[in-house]
Amino acid sequence: MSIVTSVKEKICIMINCSLEKARIQNELNFEEQPNYMIEVPREKAHGDFAVNVAMLLSKQVKKAPRAIAEIIVKNIEDHEGLLAKTEIAGPGFINFTLNNAWIYGILPQVLREDKAYGGSDYGKQEKIQLEFVSANPTGLLHMGNARGAALGDTLGNLLEAIGYDVTREFYINDAGNQIENFGKSLEARYLQQLGYEVAFPEEGYHGEDVIDTVKTIIAEVGEKYLHIDSALRREFLIQKALEEKITAIRNDLASFGVEYDVWFNEQSLHDSGAISKTMQELQEKGYVYEKEGALWLKAKLMGDEKDEVIVRANGLPTYYAADIAYHKNKFERGFKKVINIWGADHHGHVARMKGAVKALGYDPEQLQIIIMQLVRLLRGGEIVRMSKRSGQYITLSELIDEVGKDAARFFFVMRSPDSHLDFDLDLAKAESSENPVYYVQYAHARINSILKALGTGLPQAQEVDFRLLSEVTEIELIRKIADLPEEVLQAAINLEPHHLTRYAQELASQFHSFYNSCRVLCDDERLRGARLLLVDATRITLRNVLGLLGVSAPERM
RNA sequence: GCGCCCGUAGCUCAGUGGAUAGAGCGCUGGCCUCCGGAGCCAGGUGCGUGGGUUCGAUUCCCACCGGGCGUACCA
């Protein structure tokens, strides 16, 4: 357990005891203890921890909050000598100021846990499946996919850090209408490249990359597929093109630091009969009816706005049907939690997916879907126009070439998924202080530089008197370091990785302040030892945060 | 029309049922004969509008205004 959490628990016990005592002595009359909060106040003047229990009791007890607070404070028994000061303030807060002693236990813990610092065993190795990106294999990865990749991978790191067994998964939509369409586009380009004038399909994939793909294929097989049945020709072209596209996607993601445990083919659900089996199950449960030649799922029963087609009049299952079978497959593999990250353009799919999960007999709460808003690219203050249909878009690999993996990942995670993301290419590229990722990395490089300048090794924690660290910037840096486990836990369970980038910036900032006000390599040997270990603990904390973000922690820049 | 997301400082965005709402960028002025100045310190009339719930609302609820995205036998 983190030290901050254990201190909060101690305060909680003291308050609970005090409340019980007051009740027995008939000083406070209440039926049930309110669900109060122990929080770290924004204002330093309000102490280390603040409690709002008196305000919450006011109604039950029929006393003014401040009067209640006084009774609680009077009855507090501080056996451990934890408290330096207790104050009643504002509308009825009880503010606790602690003796600094507890803070000094933090650094040895960080140094001891090292790479594990920040993590916990909250998840008890429960299996979580995390599906993200799952881009159509008919093109390259665009900015939306890139945001999903950074978010998903960071979230995976966070969940692993708090003790979950995470499976990262990419669902390849290698079946259905769009693949048909892809085939038509490939065929048209193939024939065009070989000198035939054929019309390009209206709804086809216009991107340059399709032409490149076809050129590669021609280089290999030439005109072999010119005089052949169109269906066979398309089948061949699709297979070759998918291989190439999927490899490209996989490589791009790898160079973005994202590795998957499972690449799951939609086609396999068709081939294995999983889709028809799932449709049959839904039918047997009475959730399916026929209308106008198609099969419909009674999604309205499950809370969706309207019913949905699962098998078309032409007999082919819809994407929705395949996705239902896929999710059934996920739960059958034993995942207790299933998380999907989708772009905002898929949000209409959320209710019906949850509905389908419910229809299959699973708890829809087990499926969590993160909807992320769209990305806008800015260059020179102007919006960069993109359109997938026309093939005019910036790909992930181009982005990595332009701004680098570190900046790209940091920027994508910096904003809440709910928020539209304006990605400023110029800022992400800037190798200067205005770029937040450099600011954080600089702190890490600076620390390594100090440790290198030292020449000798670091002292042992048990040889050092941490109480010598009494400057304001030292105490605040230690407090910030101490916050990591709670930050990681909250970011992970709330599925909000963006808290991590903020924390990284705050930690770096706190370090820089400390650095400017305290000389680490000072003449006083004992003080130097304590400061060196503070700096080393900062290094560990920074490195671990950057690691969770998938951003490198350079030793020099 | 209906549904989801968003509206907070000049800009990009955090945040919270509570005590004086924050960060980065930009702008202005200061700071090492010393461990990396890619740094530090200082400078702020801002929660879209109107109701409601509450001891207390920027936060929760309702209506409205503005922006984005959905609303296919596409995915």
Side-chain angles (χ1 to χ4, degrees), chain A residues 37 39 41-43 45-46 50 52 55-56 58-59 64-65 89-93 95 134-136 138 173 175-181 203 266 291-296 304-306 308-323 342-351 371-374 376 378 381 411 414-424 427 430-436 438-439 441-443 445-454 473 496 498-499 501-502 505-506 508-509 511-522 528 531-532 535 556-557:
Chain A
M37 305 257 295
E39 54 183 11
R42 275 196 301 270
E43 294 293 319
H46 297 148
N52 64 346
M55 278 114 82
L56 298 176
S58 171
K59 201 163 214 174
F93 287 100
N95 294 336
S134 297
N136 288 333
T138 53
N173 303 129
N177 259 353
Q178 55 166 5
I179 293 297
E180 289 291 303
N181 201 7
E203 298 293 307
E266 178 184 348
K291 192 178 86 181
E292 294 162 11
L295 290 183
W296 297 68
D304 199 0
E305 285 174 60
K306 55 186 179 52
E308 297 287 336
V309 172
I310 48 175
V311 180
R312 302 185 186 97
N314 64 11
L316 294 175
T318 59
Y319 167 85
Y320 181 39
D323 219 11
W342 290 347
D345 52 341
H346 285 66
H347 77 251
H349 197 48
V350 174
I371 293 298
M372 51 170 197
Q373 299 300 315
L374 305 177
R376 276 197 315 185
L378 299 175
F411 272 59
M414 206 156 49
R415 305 295 181 222
S416 152
D418 277 341
S419 178
H420 292 257
L421 175 64
D422 278 352
F423 194 116
D424 186 335
L427 181 61
E431 295 195 4
S432 65
S433 60
E434 66 221 31
N435 188 339
Y438 277 86
Y439 179 80
Q441 289 179 317
Y442 179 69
R446 198 176 218 186
I447 288 172
N448 277 277
S449 171
I450 297 170
L451 298 179
K452 226 168 283 167
L454 175 66
T473 53
E496 292 177 334
H498 64 283
H499 292 299
T501 54
R502 182 161 292 269
Q505 291 179 82
E506 287 169 359
S509 169
F511 170 74
H512 287 309
S513 292
F514 155 77
Y515 178 89
N516 268 271
S517 65
C518 300
R519 191 172 164 77
V520 178
L521 301 178
C522 56
R528 185 174 64 215
R531 283 186 176 161
L532 278 168
V535 165
R556 81 184 80 78
M557 305 171 62

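Chain letters run A, B, ... following the sequence lines, proteins first and then strands; every chain starts at 1.
Within the model, atoms CG of Leu451(A) and CD1 of Ile447(A) stand 7.5 Å from one another, a figure rounded to the nearest 0.5 Å.
Closest contact between the side chain of Ala344(A) and the listed nucleotides A14(B), A75(B), C69(B) involves C69(B). For His46(A), counting side-chain heavy atoms from C-beta on, the closest listed nucleotide (A38(B), A75(B), A19(B)) is A19(B). The Arg502(A) side chain lies nearest to A23(B) when the options are C35(B), A23(B), A75(B). Of the listed nucleotides (C69(B), C40(B), A14(B)), C40(B) has the atom at the smallest distance from the side chain of Asn516(A). Nearest to the side chain of Ser509(A), among C40(B), G36(B), A19(B), sits C40(B). Listed candidates were U20(B), C35(B), C69(B). Nearest to the side chain of Glu43(A) is U20(B). The side chain of Ala50(A) lies closest to A19(B) when the candidates are G37(B), A19(B), G70(B).
His512(A) pairs by the ring-ring contact (aromatic ring centres under 6.0 Å, His included) definition with Tyr439(A), Tyr442(A), not counting sequence neighbours. In this structure, the ring-ring contact (aromatic ring centres under 6.0 Å, His included) partners of Phe411(A), at least two apart in sequence or on a different chain, are Phe423(A). Shown here are the side chain to side chain donor-acceptor pair (under 3.5 Å) partners of Ser134(A), two or more places apart in sequence or in another chain: Glu131(A).
The same atom, P, is picked in U8(B) and in G15(B); the two are 14 Å apart, to the nearest Å. A72(B) sits 37 Å from G50(B) when the P atoms are compared, rounded to a whole Å. The gap from the P atom of A9(B) to that of G22(B) amounts to 14 Å, rounded to the nearest Å. The P atoms of C62(B) and U71(B) are separated by 25 Å, rounded to the nearest whole Å. Nucleotides A21(B) and G1(B) place their C1' atoms 37 Å apart, quoted to the nearest Å. Taking atom C1' on both nucleotides, U58(B) is separated from G48(B) by 12 Å, rounded to a whole Å. Look at the P atom in both A14(B) and C64(B): the space between them is 26 Å, to the nearest Å. Nucleotides A38(B) and C25(B) have their P atoms positioned 14 Å apart, rounded to a whole Å.
At the heavy-atom level, Ser416(A) lies under 4.0 Å from the strands shown only through sugar-phosphate atoms. Contacts of Leu295(A) with the nucleic acid, taken as non-hydrogen atoms under 4.0 Å apart, are absent. Among the heavy atoms of the strands, none lies under 4.0 Å from Tyr320(A). Contacts of His512(A) with the nucleic acid, taken as non-hydrogen atoms under 4.0 Å apart, involve only primed sugar atoms and P, OP1 or OP2. The residue Ala445(A) sits close to a base: some heavy atom pair falls under 4.0 Å. Across all strands shown, Met557(A) has heavy atoms under 4.0 Å from base atoms, whether or not it also approaches the sugar-phosphate. Using a 4.0 Å heavy-atom distance criterion, Glu292(A) is classed as a base contact.
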Protein N or O to nucleotides 52-62 of chain B N or O, pairs below 3.5 Å:
| from | atom 1 | to | atom 2 | distance (Å) |
| --- | --- | --- | --- | --- |
| C55(B) | OP1 | Lys59(A) | NZ | 2.7 |

Under 3.5 Å between N/O atoms: give me all the protein pairs with nucleotides 4-6 of chain B, atom names plus distance.
| from | atom 1 | to | atom 2 | distance (Å) |
| --- | --- | --- | --- | --- |
| C5(B) | O2' | Gln373(A) | NE2 | 3.4 |
| C5(B) | O2' | Asp418(A) | O | 2.8 |

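Under the 3.5 Å distance criterion, the side-chain polar atoms of Asn181(A) are matched with a main-chain donor or acceptor of Glu203(A). Checking side-chain atoms of Thr501(A) against main-chain N and O of His498(A) turns up a donor-acceptor pair under 3.5 Å. Here the side chain of Arg556(A) pairs no donor or acceptor atom with the backbone of Ala445(A) at under 3.5 angstrom. Under a 3.5 Å cut-off, the side chain of Asn95(A) and the backbone N or O of Ala50(A) do not form any donor-acceptor pair.
Listed by first residue number, the stems of RNA chain B with at least three Watson-Crick or G-U pairs below 3.5 Å are B:1-7 with B:65-71, B:10-13 with B:22-25, B:27-31 with B:39-43, B:48-52 with B:60-64.
Not a single donor-acceptor pair, N or O on each side, falls under 3.5 Å between the base of A14(B) and the side chain of His498(A). Between the side chain of Asn95(A) and the base of A19(B), at least one donor-acceptor pair of N or O atoms lies under 3.5 Å.
Asp345(A) has its CG atom 6 Å from the P atom of G70(B), to the nearest Å. Rounded to an integer number of Å, the gap from Tyr442(A) OH to G39(B) C1' is 5 Å. One atom, CZ of Arg446(A), and another, C1' of C35(B), lie 9 Å apart when rounded to the nearest Å. With rounding to whole Å, His349(A) atom NE2 is found 20 Å from C69(B) atom P. Going from atom CG of Asp422(A) over to atom P of G67(B) covers 17 Å, rounded to whole Å. Atom C1' of nucleotide G37(B) and atom CZ of Phe511(A) are separated by 14 Å, given to the nearest angstrom. Here C35(B) presents its C1' atom at 13 Å from CG of Asn448(A), a figure rounded to the nearest Å. Between the CG atom of Asn52(A) and the C1' atom of G17(B) there is a distance of 9 Å, rounded to whole Å.
What you find for Arg519(A) and Arg531(A) is that their closest heavy atoms are O-NH1, 2.8 Å. The nearest pair of heavy atoms linking Gly92(A) to Pro65(A) is CA-CB, 4.2 Å. Taking all atoms of both residues into account, the shortest heavy-atom contact from Pro41(A) to His46(A) is CG-O, 3.5 Å. Taking each heavy atom of Thr318(A) and Val309(A) in turn, the nearest pair found is OG1-O, 3.1 Å.
For the pair Tyr439(A) and C40(B), the criterion of a side-chain N or O lying under 4.0 Å from OP1 or OP2 is met. Ser513(A) has a side-chain polar atom (N or O) that falls below the 4.0 Å cut-off from OP1 or OP2 of C41(B).
Aromatic stacking is marked for Phe93(A) over A19(B), as both cut-offs hold: 5.5 Å for the centres and 30° for the planes.
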Going through the distances and angles, do Asn52(A) and Phe93(A) end up as a side-chain contact (heavy atoms from CB on, under 4.5 Å)?
-> CA-CA 5 Å; Asn52(A) 64 346; Phe93(A) 287 100; 4.2 Å; yes
When you look at Leu521(A) and Leu532(A), which way does the side-chain contact (heavy atoms from CB on, under 4.5 Å) test go after all the steps?
-> CA-CA 8 Å; Leu521(A) 301 178; Leu532(A) 278 168; 4.1 Å; yes
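Across the interface with RNA chain B, nearest-nucleotide mapping of His499(A) and Ala175(A) shows His499(A) to be the residue nearer the 5′ end. Across the interface with RNA chain B, nearest-nucleotide mapping of Gly90(A) and Ala313(A) shows Gly90(A) to be the residue nearer the 5′ end.
Stacking of Arg446(A) on the aromatic ring of Tyr515(A) is recorded, both the 6.0 Å distance cut-off and the 45° axial limit being met.
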